[in-house]
Amino acid sequence: MPSAAGTKPHLRVLVTNAFGLSNKLGELQHTLHTKDVDVAIITETKLSELTTPSDVVFPGYSPPIRRDRNVAGGGVAVWVRSSLPVVHLDQIPTEDHEVVWLTVCLQGDVKLVIGAIYRPGSCNEADTQLIEYLD
């Protein structure tokens, strides 16, 4: 429900593990619109550099902020409703997990920092690295 200057009094967020997004893009687009999603955080996208930006752009949403693994599995992507200003934050590259940080501007001067992280289930050492990264 939009208010002044395109801001919203609440934020509707979708978080899911897609286990491969390429064949589910239509379903994701449908869900974004029917559920009135403001921010969609998708992990294990399994997208690669071969997936062009135009393949994953949806009407009413900014182009996704992505971190692809470019080898089997992994990856994260975040879509934000185009009426919400968003800034992609610089991040420290990591080897064992994919991370995306962004700031979404809400009402007035309220800003929300969002981190989307995918950590492979088979990577025990990554747990320690991930905790250190978040500290």
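- One N or O on the side chain of S48 and one on the backbone of L50 form a donor-acceptor pair closer than 3.5 Å.
- The pair D38-R81 meets the salt-bridge criterion, since a charged nitrogen lies less than 4.0 angstrom from a carboxylate oxygen.
- Under the 4.5 Å side-chain contact rule for hydrophobic residues, L112 and I65 share a cluster.
- Between F58 and W79, the two ring planes are parallel [angle under 30°; tilted spans 30° to 60°].
- The side-chain heavy atoms of V80 and V78, taken from C-beta on, include a pair separated by under 4.5 Å.
- Hydrophobic clustering of Ile, Leu, Val, Met, Phe, Trp and Tyr side chains at less than 4.5 Å, counting indirect connections, unites V15 with V86.
- Between atom NE2 of residue H33 and atom CG of residue L28 there is a gap of 9.0 Å, rounded to the nearest 0.5 Å.
- Put simply, NE2 on H30 and CG on L25 are 14.5 Å apart, with the number rounded to the nearest 0.5 Å.
- Heavy atoms only, all atoms of each residue included: S83 and P85 are closest at O-CD, 3.6 Å.
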ask   = After noting the C-alpha distance and the side-chain angles of I41 and I114, does the key distance pass the side-chain contact (heavy atoms from CB on, under 4.5 Å) rule?
value = CA-CA 9 Å; I41 301 167; I114 297 174; 3.6 Å; yes

query = Does the side-chain contact (heavy atoms from CB on, under 4.5 Å) test come out yes or no for L47 and S22, once each step is laid out?
reply = CA-CA 7 Å; L47 300 176; S22 294; 3.6 Å; yes

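- Separating the CG atom in L21 from the CZ atom in R66 is a distance of 9.0 Å, to the nearest 0.5 Å.
- When the options K46, R69, R67 are evaluated for a salt bridge (Lys or Arg N to Asp or Glu O under 4.0 Å) with E98, the one that passes is R69.
- When hydrophobic clusters are built by joining Ile, Leu, Val, Met, Phe, Trp and Tyr residues whose side-chain heavy atoms come closer than 4.5 Å, directly or via intermediates, I117 is grouped together with L89.
- Two residues are said to be in side-chain contact when any heavy atoms from C-beta on lie closer than 4.5 Å; S62 and S82 meet this criterion.
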request  = Please test V104 against L106 for side-chain contact (heavy atoms from CB on, under 4.5 Å), starting from the C-alpha separation and ending with a verdict.
outcome  = CA-CA 6 Å; V104 177; L106 305 175; 4.0 Å; yes

task = Kindly determine whether V56 and T45 satisfy side-chain contact (heavy atoms from CB on, under 4.5 Å), including the steps that lead there.
result = CA-CA 11 Å; V56 292; T45 58; over 6 Å; no

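- Listed for the Y61 side chain is a donor-acceptor partner under 3.5 Å among the backbone atoms of L32.
- With sequence neighbours excluded, no residue forms a ring-ring contact (aromatic ring centres under 6.0 Å, His included) with H88.
- Taking the side chain as every heavy atom from C-beta outward, N17 and Y118 approach each other to under 4.5 Å.
- When the side chains of ILVMFWY residues are joined at heavy-atom separations under 4.5 Å, either directly or via intervening members, V13 and V76 end up in a single hydrophobic cluster.
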